[in-house]
Visitor: 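Just dropping this structure here.
Just so it is clear, the model here is predicted, and its values are computed rather than measured.
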Amino acid sequence: METDDVVWSGTWVAERLGVELVADGEEQRSGGLNDLLGLALRRNPKRAHLLVSNVLGKHVPQSPSRVYGAGFALGEDVRKLLGDEAAARAVVLGYAETATGLGHAVADGVGVAPYLHSTRRPVDGVPTAGGFEESHSHATSHLLLPEDPGLLAGEGPLVLVDDEFSTGNTVLNTIRDLHGRYPREWYVIVALVDMRSAQDRGRLEGFAREIGARVDLIATASGTVRLPEDVLEKGQALVARYDPSPPPHSGPASPGTGAAAEPDGTGAGAGAGAARPEPTRVELGWPSGVPDGGRHGFVPAHRAVLEGALPGMADRVAGALPQNARRVLVLGFEELMYAPLRLATALEERLEAEVRYSTTTRSPVLAVDDPGYAIRTRIVFPAHDDPADGPGARYAYNVAGAGFDAVVAVVDSAADTPALHAPDGLLAGLAAHTGHVVLAVVPSYLPETPETPDVPGMAEIPVIPEMPERRVPERQEPPMPEPLRGPAFSSYAPEDVGWLLQDLSGVELEAPTEEREEAIQSGGAHYAESLPVEYQPNAEYQQLFMAALETSATRIARAVATVTETVLAEISHNRKRGGTPSPLPVLVSLARAGTPVGVLMRRYAQHRHGLDLPHYAVSIVRGRGIDETALRWLAAHHDPADVVFVDGWTGKGAITRELAQALDGFAAATGIDGFSPEIAVLADPGGCVKTYGTREDFLIPSACLNSTVSGLISRTVLRSDLVGPDDFHGAKFYRELADDDVSGHFLDTVAARFDEVADAVDAEVKELLSADRAPTWEGWAAVERISEEYGIHDVNLVKPGVGETTRVLLRRVPWKILAKRGAGADLDHVRLLAEQRGVPVEEVDGLPYTCVGLIHPRYTRGATGADGKAVAAK
């Protein structure tokens, strides 16, 4: 769809939300920024508006020569900046999915630089050379999968290409991560538009000084986006008004969203109601050995071979088109942007017809059929490439109702699946809006060994230096699984946490509490081999949780802020002392109690410092160690020295000791070292760690509930018949408890207090960093004393602290509760649970904790009464 010459395609959003694009310098007088960008509304809880590029070739069909020319011109600017000598040593890196084609065009403009783009598609057998997160995206995990890892290890300039530079967080985080692995002296950031705020622009200079490298930025146009304070609420209200219930596999069906959709989901348009012919499949004759794009690397010799083959491929596509076609769209597929773009440019040169180019996308955007809105129509269809993050809807924008006589759909062979050809698939959706659909399939490139190239002219390619010895070993075979993310697994947002777990939701793992306790204490089973039945709180307990959260939210926010600031200061100090730049810490929470804390730490770092910290959740099992497959995954994607393990609280320190022992064994067995056994916790009443938010033993409301405050995820499971040596540990996603889920409410309530505690935290952290924070292990000594004093003789049955005591009451068979004399509201929920289970609460003096839970010693089911409530130990 063309941009309107009279009505700016951002007018609709600007008038309703008060969003303004303010161009810099000459562009402000010429209106160039409005020519490059329109506006639309996202379905995204974090950002209401979407800058829609008119020259990117993603959402808006555009002349392919204009799309390619915009990127090529930026590449020429890069070469002028670098000079020929530095350009010959440069590498161009583009971002998936939006900038894969743009980055490739920039590399073409540079002329002598190899190209690589990040990807969200893992490829079996190809080790990962790096990865990073993009917080505002709907699919955040980026992988770097070069055929030759040495591509990233050189010392020449690195050119990073994205479609827009808004805050700069994603690009700067990428540079920070790669600079820690492969330091270089020069980085160039390239974007079609630079829309940073004044504050974000100042960060770039400081960042360059921090890493000790030159960082330049090149953009076609620049300006800023002015947003009213209530833009998010207004945007969400508009989306709800114009698209209250988007159908899962259909085009826009509600008033104002464009062409109506038929019930079968293919959308109504040209030829609706008539039998739709099968698409015409054309054999392209793609040159052997030339990659389909930059996923695994694309070098100048590949480019030369492709240029020679393009005219013949364009002839084959043209031969499959109707002779009377006057308006033709070449439609690419998600990350596959460059191959269809070059086919479109060649077709544009050959045909007298008007040729346009765009691609499908993952991003959900509201469609409004108004000339002042950038996304006029949409076709929605199921994913057809078996994506690693699970099935989901995909979109083709501004295709329906655009009057195309023919659409050439270009996909790679990995995406040429039955789902593509299904009645609700992409091809059927296109057939509803055009008289002729052509399918062209580019073979998905599978990397070959460097010794057996299969590309004419490859012998002339300069040999890329071998990658120097890495501190982080490459991923081992067989290929490891990838993280699970919400909403497919857990109720947390996908950017909040990646779960290094496998989904066991379909397996019956729950057992009655008394049955589990007897098996555990008799040695017949390990506690991690089954799950307790999820405790469902009554209305009184739920009200108590809400009241406790409201009372303690400020204290929790302060502890979150304190531990996060301490972590940031410690990792910066350790790296600077070692002579390397400060990296971003990689938060790795110990599932599941540590995961809400990890999410809050990540949110605080983003809120206070604009940092997008990677966050993953892993399983650790007392007596069995930490998930070693998860450790290998982390080592393949991040420097182990950057990993910070996170937990909710300490009790007696058993997990602290378990982690240290497990990491030592892992390093000895694999040679992968560098992981620190230190754990950062919200509360450390046991004196077991040196990085904490507080050492007070207070109520953390996330300890009051189970899965319903932890993203609806169970505790983790390790059982040999379910978890193989190369699998992640398992857990269940309790989707059926969604109506009772308070995970988001807990996070939002605490995060709302971050600004309130900022001043106090700054002073507290300064004092903490200069204090002696060495572990005292006071808690362990108290547990040993209690174990002997009460005749238990097993420290594993003594659970100190509010959090651990709550777990005893929720999951185990409690014997009695020891409460510090005079303990107040922090124990209200403990007293209520104890009353419900018939467990005595004994007030004692001299406890280093607010309370201690004692598991029934020498438990058998005969040790409880007929009502299941605990009785005196025998």
Visitor: Write down the atom of Ile375, the atom of Ala40, and the distance for their closest heavy-atom approach.
Guide: CG1-CB, 3.7 Å
Visitor: Closer than 3.5 angstrom, by distance alone: can the side chain of His302 be matched with the main-chain N or O of Val299 as a donor-acceptor pair?
Guide: yes
Visitor: With a 4.5 Å limit on heavy-atom distance, are the side chains of Val410 and Val408 in contact?
Guide: yes
Visitor: Any chance you could lay out the side chain to side chain donor-acceptor pair (under 3.5 Å) test for Glu334 and Thr360, step after step, and finish with the verdict?
Guide: CA-CA 5 Å; Glu334 294 186 29; Thr360 64; 4.8 Å; no
Visitor: Applying side-chain hydrogen bond (donor to acceptor under 3.5 Å, both in side chains), name anything that partners Thr345, two or more places apart in sequence or on another chain.
Guide: Arg342
Visitor: Nearest 0.5 Å, please: how far is CZ in Arg356 from CD in Glu354?
Guide: 4.0 Å
Visitor: For the residue pair Leu151 and Val91, establish whether any side-chain heavy-atom pair is separated by less than 4.5 Å.
Guide: yes
Visitor: Would you sort out whether Arg120 and Glu335 count as a salt bridge (Lys or Arg N to Asp or Glu O under 4.0 Å), showing the intermediate values?
Guide: CA-CA 9 Å; Arg120 295 187 177 108; Glu335 292 179 12; 5.4 Å; no
Visitor: Would Phe298 and His104 count as a ring-ring contact (aromatic ring centres under 6.0 Å, His included) here? Give the steps.
Guide: CA-CA 9 Å; Phe298 196 100; His104 212 141; 4.5 Å; yes
Visitor: So Ser358 and Leu329, side chain to side chain contact (heavy atoms under 4.5 Å, CB included) or not? Walk me through it.
Guide: CA-CA 8 Å; Ser358 64; Leu329 173 69; 3.7 Å; yes
Visitor: Hey, mind stepping through His384 and Phe333 against ring-ring contact (aromatic ring centres under 6.0 Å, His included) and telling me if it holds?
Guide: CA-CA 10 Å; His384 54 88; Phe333 156 64; 4.9 Å; yes
Visitor: Has Arg327 got its NZ or CZ under 6.0 Å from the middle of the six-membered ring of Phe404, at an angle within 45 degrees of the ring axis?
Guide: yes
Visitor: For residues His296 and Val123, determine if any side-chain heavy atom of one lies less than 4.5 Å from a side-chain heavy atom of the other.
Guide: yes
Visitor: When you compare the side chain of Leu238 with that of Val13, does any pair of heavy atoms fall below 4.5 Å?
Guide: no
Visitor: Going by salt bridge (Lys or Arg N to Asp or Glu O under 4.0 Å), name the pairs with one or both residues in residues 430-447, residues two or more places apart or in two chains.
Guide: none
Visitor: Between Thr119 (side chain only) and Leu143 (backbone N and O only), is there a donor and an acceptor less than 3.5 Å apart?
Guide: no
Visitor: Any luck finding a side-chain donor-acceptor pair between Asp163 and Tyr95 under 3.5 Å?
Guide: no
Visitor: Looking at Tyr373 and Leu366, would you say the former's side chain and the latter's main chain have a donor-acceptor pair under 3.5 Å?
Guide: yes
Visitor: Using the test side-chain hydrogen bond (donor to acceptor under 3.5 Å, both in side chains), find all partners of Thr417 that sit at least two apart in sequence or belong to another chain.
Guide: none
Visitor: Not counting sequence neighbours, which residues clear side-chain hydrogen bond (donor to acceptor under 3.5 Å, both in side chains) with Thr359? List them please.
Guide: Lys58
Visitor: For Ala374, does its backbone N or O pair with a side-chain atom of Asn398 as donor and acceptor, under 3.5 Å?
Guide: yes
Visitor: Could I get the full list of salt bridge (charged side-chain N to carboxylate O under 4.0 Å, His left out) partners for Arg16, not counting sequence neighbours?
Guide: none
Visitor: Minimum heavy-atom separation for Leu102 and Gly71, please, with both atom names.
Guide: CD1-CA, 3.6 Å
Visitor: Looking at every non-hydrogen atom in both residues, tell me the closest pair between Val330 and Pro340 and how far apart they are.
Guide: CG1-O, 3.6 Å
Visitor: Return the CG to CG distance between Leu144 and Leu93, rounded to the nearest 0.5 Å.
Guide: 6.0 Å
Visitor: How about Leu74 and Leu192: do any of their side-chain heavy atoms sit closer than 4.5 Å?
Guide: yes
Visitor: Starting from the C-alpha separation in whole Å, work towards a yes-or-no answer on side chain to side chain contact (heavy atoms under 4.5 Å, CB included) for Thr377 and Tyr397.
Guide: CA-CA 6 Å; Thr377 63; Tyr397 293 115; over 6 Å; no
Visitor: Any heavy-atom pair between the side chains of Ile218 and Ile189 that's under 4.5 Å?
Guide: no
Visitor: Mind running side chain to side chain contact (heavy atoms under 4.5 Å, CB included) on Thr98 and Thr361 for me, showing each step along the way?
Guide: CA-CA 8 Å; Thr98 308; Thr361 177; 5.8 Å; no
Visitor: Whether the side chain of Tyr338 engages the backbone of Gly103 through a donor-acceptor N/O pair (distance < 3.5 Å, no angle test) should be reported.
Guide: no
Visitor: Among pairs that include at least one residue of residues 411-420, which meet salt bridge (Lys or Arg N to Asp or Glu O under 4.0 Å), considering only residues two or more places apart or in two chains?
Guide: Arg121-Asp412, Arg281-Asp416
Visitor: Evaluate the side chain to side chain donor-acceptor pair (under 3.5 Å) criterion for residues Glu348 and Tyr357: first the C-alpha distance (whole Å), next the side-chain angles of each, then the deciding distance (0.1 Å), finally the verdict.
Guide: CA-CA 10 Å; Glu348 188 177 32; Tyr357 160 79; over 6 Å; no
Visitor: Using the rule side chain to side chain contact (heavy atoms under 4.5 Å, CB included), only one of Leu50, Leu17, Val368, Val19 pairs with Leu41; which is it?
Guide: Leu17
Visitor: What is the distance from atom CG of Leu321 to atom CZ of Arg350, rounded to the nearest 0.5 Å?
Guide: 9.0 Å
Visitor: Examine distances only and state if a side-chain atom of Asp405 and a backbone atom of Arg326 form a donor-acceptor pair shorter than 3.5 Å.
Guide: yes
Visitor: Between His436 (side chain only) and Ala320 (backbone N and O only), is there a donor and an acceptor less than 3.5 Å apart?
Guide: yes
Visitor: With a 4.5 Å limit on heavy-atom distance, are the side chains of Val365 and Arg378 in contact?
Guide: no
Visitor: Please tell me whether Asn54 and Gln62 have a donor and an acceptor in their side chains that are separated by less than 3.5 angstrom.
Guide: no
Visitor: Start with the C-alpha gap between Val159 and Val110, add the side-chain angles, then the distance that decides, and say whether side chain to side chain contact (heavy atoms under 4.5 Å, CB included) holds.
Guide: CA-CA 10 Å; Val159 181; Val110 175; 5.6 Å; no
Visitor: Counting C-beta onward and ignoring hydrogens, is there a side-chain heavy-atom pair between Phe165 and Leu217 closer than 4.5 Å?
Guide: yes
Visitor: Using the salt bridge (Lys or Arg N to Asp or Glu O under 4.0 Å) rule, take Arg303 and Asp108 through it: C-alpha gap first, then chi angles, then the decisive distance, then the call.
Guide: CA-CA 8 Å; Arg303 186 179 302 120; Asp108 285 359; 2.3 Å; yes
Visitor: Do side-chain atoms of Ser444 reach the backbone of Ala414 as a donor and acceptor pair under 3.5 angstrom?
Guide: yes
Visitor: Closer than 4.0 angstrom, basic N to acidic O: yes or no for Asp216 and Lys80?
Guide: no
Visitor: When rounded to the nearest 0.5 angstrom, what distance separates CG in Leu446 from OG in Ser413?
Guide: 7.5 Å
Visitor: I'd like to know if the side chain of Thr434 and the backbone of Ala431 have a donor-acceptor N/O pair within less than 3.5 Å.
Guide: no
Visitor: How long is the straight-line distance from CG of Leu426 back to CG of Leu331, given to the nearest 0.5 Å?
Guide: 6.0 Å
Visitor: To the nearest 0.5 Å, tell me how far Met195 CE sits from Ser222 OG.
Guide: 8.5 Å
Visitor: Minimum heavy-atom separation for Glu147 and Tyr445, please, with both atom names.
Guide: OE1-OH, 3.0 Å
Visitor: Within the side chain of Trp286, is there an N or O that forms a donor-acceptor pair under 3.5 Å with the backbone of Met313?
Guide: no
